Asker: 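My questions will all concern the structure given below.
Nothing here was measured: the structure is a model prediction, and the numbers come from that model.
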Amino acid sequence: MTDTFMGGGSMRGPAGATGATGPAGALVYNTGGLVAGAKVWSGTVTTNGSGVWSVNYAAAGFTSPPRVVANATAPGTNAADVRNVSTTTKNTTGATGICTAPALSVLGLITVSLVGAGVSVDVVAVGE
């Protein structure tokens, strides 16, 4: 096993395995084992005034739509601070989605509304 370092963290993989960018690249596995030619894109975007986020990862050169994982940074630790992120569209060059937050409780049901502008959304896309 060898360590591959990414952004201060590390991943363990078989000695001599190469990732998307050679020996120092990310090693990506699926149920079939090591994914040859895997690519990982990572970045942070912010929502617009309608709670919509959009990212362009065309530079990664994905040949099919990647798996996209998005997560918002909450402004605090209370239940009212929870942010939920959904991906609404994705293709080989980018993705869009929405971010919601709890609005109010009516008869014990919590409603949600779209957040406004400026919520940070961390996005990771993994594909080939």
Side-chain angles (χ1 to χ4, degrees):
M1 299 292 265
T2 58
D3 283 324
T4 300
F5 295 96
M6 293 182 56
S10 68
M11 300 184 315
R12 302 277 297 167
T18 59
T21 59
L27 299 177
V28 177
Y29 296 84
N30 64 16
T31 57
L34 182 65
V35 177
K39 301 173 184 180
V40 177
W41 184 95
S42 176
T44 300
V45 296
T46 57
T47 57
N48 67 16
S50 299
V52 175
W53 59 270
S54 179
V55 65
N56 180 331
Y57 44 66
F62 294 116
T63 56
S64 59
R67 290 181 185 250
V68 176
V69 179
N71 188 47
T73 303
T77 59
N78 298 312
D81 296 327
V82 171
R83 300 294 181 257
N84 295 302
V85 177
S86 294
T87 302
T88 56
T89 63
K90 65 179 181 176
N91 57 40
T92 57
T93 60
T96 59
I98 59 170
C99 183
T100 62
L104 63 123
S105 178
V106 178
L107 300 174
L109 300 174
I110 298 175
T111 61
V112 296
S113 63
L114 294 171
V115 299
V119 174
S120 292
V121 178
D122 299 318
V123 181
V124 176
V126 180
E128 299 175 59

Asker: To the closest 0.5 Å, what do you measure between OG1 (T47) and CD1 (I98)?
Answerer: 11.5 Å
Asker: How many angstroms lie between atom CG of D122 and atom CG of N71, to the nearest 0.5 angstrom?
Answerer: 6.5 Å
Asker: What's the separation between atom CH2 in W53 and atom OG in S86, rounded to the nearest 0.5 Å?
Answerer: 9.0 Å
Asker: Does V40 reach the side chain of V126, with side-chain heavy atoms less than 4.5 Å apart?
Answerer: yes
Asker: If you look at every heavy atom in A74 and R83, which pair is closest and at what distance?
Answerer: CA-CG, 4.2 Å
Asker: Any link between V45 and V68 through a network of hydrophobic side chains (Ile, Leu, Val, Met, Phe, Trp, Tyr) touching at under 4.5 Å?
Answerer: yes
Asker: Which pair of heavy atoms, one from T44 and one from S120, lies closest together, and at what distance?
Answerer: CG2-CB, 4.2 Å
Asker: Mind listing the closest non-hydrogen atom pair of G61 and K39 along with its distance?
Answerer: O-NZ, 2.7 Å
Asker: Treating Y57 as the side-chain partner and T93 as the backbone partner, does any N or O pair qualify as donor plus acceptor under 3.5 Å?
Answerer: no
Asker: Mind listing the closest non-hydrogen atom pair of A70 and V85 along with its distance?
Answerer: CB-CG1, 3.5 Å
Asker: Between T63 (side chain) and E128 (backbone), is there a donor-acceptor pair under 3.5 Å?
Answerer: yes
Asker: Would you say F62 ends up clustered with V55 if hydrophobic residues are merged whenever their side chains have heavy atoms under 4.5 Å apart, either directly or through other cluster members?
Answerer: yes
Asker: Taking T88 for its side chain and T96 for its backbone only, find out whether a donor-acceptor pair lies under 3.5 Å.
Answerer: yes
Asker: Throw together a table of side-chain donor-acceptor distances under 3.5 angstrom for residues 111-119, partners on residues two or more places apart or in other chains.
Answerer:
from	atom 1	to	atom 2	distance (Å)
T111	OG1	L104	N	3.4
T111	OG1	L104	O	3.2

Asker: Treat each ILVMFWY residue as a node, draw an edge where side-chain heavy atoms are under 4.5 Å apart, and state whether V121 and V82 are in one component.
Answerer: no
Asker: If you look at every heavy atom in K90 and P66, which pair is closest and at what distance?
Answerer: NZ-O, 3.1 Å
